[in-house]
Amino acid sequence: MNAFYQHHKDSIRFAYRCFDRILLNCAIQPFQQEQRAVGFFWTYRRIYPVTRQVLRDIATQYHQWVQNRSQKWGVPIQQDPEGRRDDFVEPYFRRAQPDQVVAIIKAREPAGIMTAIGKDDRWHLEIKRRWVDHYNFYVKDGRWGPMFVRICPYFPFSARVCLNQHYWLALRMRQQDIGFKQCGNAFSHCADPAALQRFADALTANDLLACAQKWLARFTPFFTPQERKYAGVQHRLFFAQMEYCDNLIFRRRAAVDALEQRLLDANRTIGQPNKLTLIFGRRITRHHSGKLQTVIEDMNLPNPVIRSHYRKGFVKQYVRDRWLLRTELATNNTSTDYGIGKAVANLVPLRQKLGGILDRYLEVQQDILETFVDRQQLRHLTQPTILAKGRRIPGLKLDQPRQLALMHSLVRFCHLAAEGTFTTRDLYPQTLQALHSTSDEYKLGSLRYDLWKLRAKGLVEKIPHSRRYRLLPQGYQLCLVFLKLYEKLYAPLTAGILQPFAADQYLDKEKITPLDRRYTAVIHALDDLVEAVGLKAA
């Protein structure tokens, strides 16, 4: 278990991890090649050539089939609603029976469709991306609960399937007579948390395939049973969007509120990693594309969100349902983000990969919140280091601007440095930015000298036979100590004493952050102290 959970476990009632939203792309792969599509029509339908009218008739037949099914099921076809579709269809699920279609929504969305190009008897097929009407079938599956299947009515019937493991887990626990309370896509109570986690870890690719193939076959009546058996026209499933969440359910609302405020405050300053190499387990190179930042969103809402972006994915952390701290990892491209293939057969290695990322993310959060250094170690860090050849290297100072700027760049570049490496040229622009200096005022050689001091104290190591360095785990923690002492204690308290901002005393108490209220309390206590010992008059 990660350090974050170990530190807060006395305040946590139970914890679990599982997939949340699972969005799958579905495609009939043989028909992605025009020759295979032409061969299918000739072999099984005796149609040649495949003209524009043939493809148009297929789509028309599908529209008619949906209208017929809509009347038979008593489920009207509705236009795309404003707002979230999940909120719109939620009432339809309340009284639904297992394996029942509860709603059909028709909406225009982009899709790859087969088009015929040519005239007379000379035609060829191409896959083109077009905006067309899709049908979203909302279903209450007997094993997965609420889900939806989106079908494109144009050949070759590309599709999407959306599942949620929380509903799947609820059905498993109900079958085993395990008491639980579910609030949407989260559990606020569970009589057997260990069984809940076992069920979550037992999900396999076959569970996804069995559900998706059942409904895809039902919603694509164009193919006959013989064609499905011999022509290989089944849809293949690929990850489109995967969400994996870590859920910590606290005993008291006050505990999770206090922890949330500390996390938000830490991430406003020190905890802003511009480089998330270690957390996401992928090395950052000059070929990186997409976002690479940490932001705090929805500050005007009761529960702000800490969101760390990486390529097409992100980690977000927030409080929901009053008691639950959720850390949720999402990706739209498992291959480029994490090096895991998109085929659903890779579900287990993907879960292991995402679980490792969540562990590292929470460990970084805990390192930001809590760092301890005893007095002897701190005194040793401030003393000069004498090398074996007698060379003397100055110690580390808590208020040295160049050293603090370098530590800022190290913290941003990698966390715990299990996989992140860097060169001095990688650190140089970030250090200049933190120092608010120019390259003429702070040269690259000066940075190498400052990095040398950290190496002498065992905070940074040089990788043999290369020009690259690695920030060690203990070095990462000590950099945080120095940054927190200076930025959270020394600098704010000094500013409050020597140059207080007069308007601050007229602010309403509700508008002052909890951290600033604590600073003010310390300043007032110092005023009382100096007056008691007779220094104020002097």
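Since the model is a prediction, treat every value here as computed from it, not as a measurement.
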Pair Lys214-Asp141, salt bridge (charged side-chain N to carboxylate O under 4.0 Å, His left out): steps then yes or no
CA-CA 10 Å; Lys214 177 178 71 174; Asp141 184 74; 2.8 Å; yes
Could you go through Tyr138 and Ile104, starting from their C-alpha distance and side-chain angles, then the distance that decides it, and tell me whether this counts as side chain to side chain contact (heavy atoms under 4.5 Å, CB included)?
CA-CA 6 Å; Tyr138 285 83; Ile104 304 174; over 6 Å; no
Report the C-alpha separation of Leu325 and Phe250 in whole Å, then their side-chain angles, then the decisive distance to 0.1 Å, and conclude whether the side chain to side chain contact (heavy atoms under 4.5 Å, CB included) test is met.
CA-CA 8 Å; Leu325 178 66; Phe250 282 72; 3.9 Å; yes
Let's go through Leu163 and Leu208 carefully: what are the C-alpha distance in whole Å and the side-chain angles of both, what is the deciding distance for side chain to side chain contact (heavy atoms under 4.5 Å, CB included) to 0.1 Å, and is it a yes or a no?
CA-CA 8 Å; Leu163 306 168; Leu208 303 180; 3.8 Å; yes
As a quick check of understanding, evaluate side chain to side chain donor-acceptor pair (under 3.5 Å) for Gln53 and Asp57, giving each step before the final call.
CA-CA 6 Å; Gln53 187 60 44; Asp57 290 343; 2.7 Å; yes
Applying side chain to side chain donor-acceptor pair (under 3.5 Å) to Arg351 and Asn346, what does each step give before you reach the verdict?
CA-CA 9 Å; Arg351 178 169 54 220; Asn346 296 311; over 6 Å; no
Derivation of the side chain to side chain contact (heavy atoms under 4.5 Å, CB included) call for Asp246 and Leu362:
CA-CA 10 Å; Asp246 178 274; Leu362 290 170; 3.8 Å; yes
Could you walk me through whether Gln317 and Thr327 pass the side chain to side chain donor-acceptor pair (under 3.5 Å) check?
CA-CA 4 Å; Gln317 189 175 62; Thr327 307; 3.1 Å; yes
Where do Phe31 and Phe155 land on the ring-ring contact (aromatic ring centres under 6.0 Å, His included) test, with the steps shown first?
CA-CA 9 Å; Phe31 296 154; Phe155 193 85; 4.9 Å; yes
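Remark: Glu109 engages Arg85 in a salt bridge, criterion side-chain N to carboxylate O under 4.0 Å. Comment: Asp10 does not engage Arg251 in a salt bridge, judged by the lack of any side-chain N to carboxylate O separation of less than 4.0 angstrom. The existence of a salt bridge linking Asp80 and Arg108 is excluded, since no basic side-chain nitrogen approaches an acidic carboxylate oxygen closer than 4.0 Å. Between Asp86 and Arg84 there is a salt bridge, with a side-chain nitrogen of the basic residue lying less than 4.0 Å from a carboxylate oxygen of the acidic one.
Going from atom CD of Glu243 over to atom OG1 of Thr331 covers 10.5 Å, rounded to the nearest 0.5 Å. Phe314 CZ to Asp337 CG: the interatomic distance, rounded to the nearest 0.5 Å, is 10.5 Å. Atom CD1 of Ile340 and atom CD of Gln352 lie 8.5 Å apart (nearest 0.5 Å). With rounding to the nearest 0.5 Å, the separation of NE2 in His8 from CG in Leu248 is 9.0 Å. Going from atom CD of Gln32 over to atom CD1 of Ile127 covers 5.0 Å, rounded to the nearest 0.5 Å. Taking CZ of Arg172 as the reference point, atom CZ of Arg174 lies at 10.0 Å (rounded to 0.5 Å).
The closest side-chain heavy-atom distance from Ile105 to Val89 is below 4.5 Å. Considering only heavy atoms from C-beta on, Met147 comes within 4.5 Å of Val149 through its side chain. Residues Met114 and Pro156 are in side-chain contact: their nearest non-hydrogen atoms beyond the backbone lie under 4.5 Å apart. No side-chain heavy atom of Met242 sits less than 4.5 Å from a side-chain heavy atom of Leu23. Side-chain contact between Met173 and Gln176 is absent, with no heavy-atom pair separated by less than 4.5 Å. Counting only heavy atoms from C-beta outward, the side chains of Leu350 and Leu354 approach each other to under 4.5 Å. With a 4.5 Å cut-off on side-chain heavy atoms, Val132 and Cys152 count as touching. Considering only heavy atoms from C-beta on, Gln67 stays 4.5 Å or farther from Trp65 through its side chain.
Closest approach of Leu471 and Cys479 over heavy atoms only: CD1-SG, 4.5 Å. The shortest heavy-atom contact between Pro98 and Gly142 is CB-CA, 4.0 Å. Between Tyr338 and Ala330 the shortest heavy-atom distance is OH-O, 3.9 Å. Between Ala200 and Gln165 the shortest heavy-atom distance is O-NE2, 3.0 Å. Between Leu196 and Cys190, the shortest heavy-atom contact is CB-SG, 3.9 Å. Scanning both residues, Ile151 and Ala159, for their nearest heavy atoms gives CD1-CB, 3.6 Å.
At distances below 3.5 Å, at least one donor-acceptor pair connects side-chain atoms of Thr43 with backbone N or O atoms of Gly39. Checking side-chain atoms of Gln182 against main-chain N and O of Gly184 turns up a donor-acceptor pair under 3.5 Å. Although no hydrogens or angles enter the test, the distance criterion places no donor-acceptor pair under 3.5 Å between the side chain of Lys140 and the main chain of Gly145. The backbone N or O of Gln241 sits nowhere less than 3.5 Å from a side-chain atom of Asn332 that would complete a donor-acceptor pair. Of the possible donor and acceptor atoms, none in the side chain of Gln6 sits under 3.5 Å from a partner among the backbone N and O of Ala3. Of the possible donor and acceptor atoms, one in the side chain of Thr115 sits under 3.5 Å from a partner among the backbone N and O of Glu126.
Between Phe157 and His235, the gap from one ring centroid to the other reaches at least 6.0 Å.
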Below 3.5 Å, can you tabulate the donor-acceptor pairs from side chains in residues 217-226 to any protein atom, sequence neighbours excluded?
from: Thr220; atom 1: OG1; to: Leu216; atom 2: O; distance (Å): 2.5
from: Thr220; atom 1: OG1; to: Arg228; atom 2: NH2; distance (Å): 3.3
from: Thr224; atom 1: OG1; to: Glu227; atom 2: N; distance (Å): 3.2

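Tested against His166 for a ring pair (Phe, Tyr, Trp, His ring centres under 6.0 Å), the candidates Phe199, Tyr16, Tyr244, Trp144 yield a single pass: Tyr16. Of the listed residues (Phe180, Phe14, Trp323, Tyr167), just one forms a ring pair (Phe, Tyr, Trp, His ring centres under 6.0 Å) with Phe187, and that residue is Phe180.
Between the side chains of Asn136 and Arg150, no donor-acceptor pair of N or O atoms lies under 3.5 Å. Judged purely by distance below 3.5 Å, without hydrogens or angles, the side chains of Asp207 and Trp168 never pair a donor atom with an acceptor atom. A donor and an acceptor atom, one from each side chain of Asn247 and Arg17, are nowhere located under 3.5 Å apart.
Within 6.0 Å of CZ in Arg252 there are 12 or fewer heavy atoms belonging to other residues, nucleotides or ligands.
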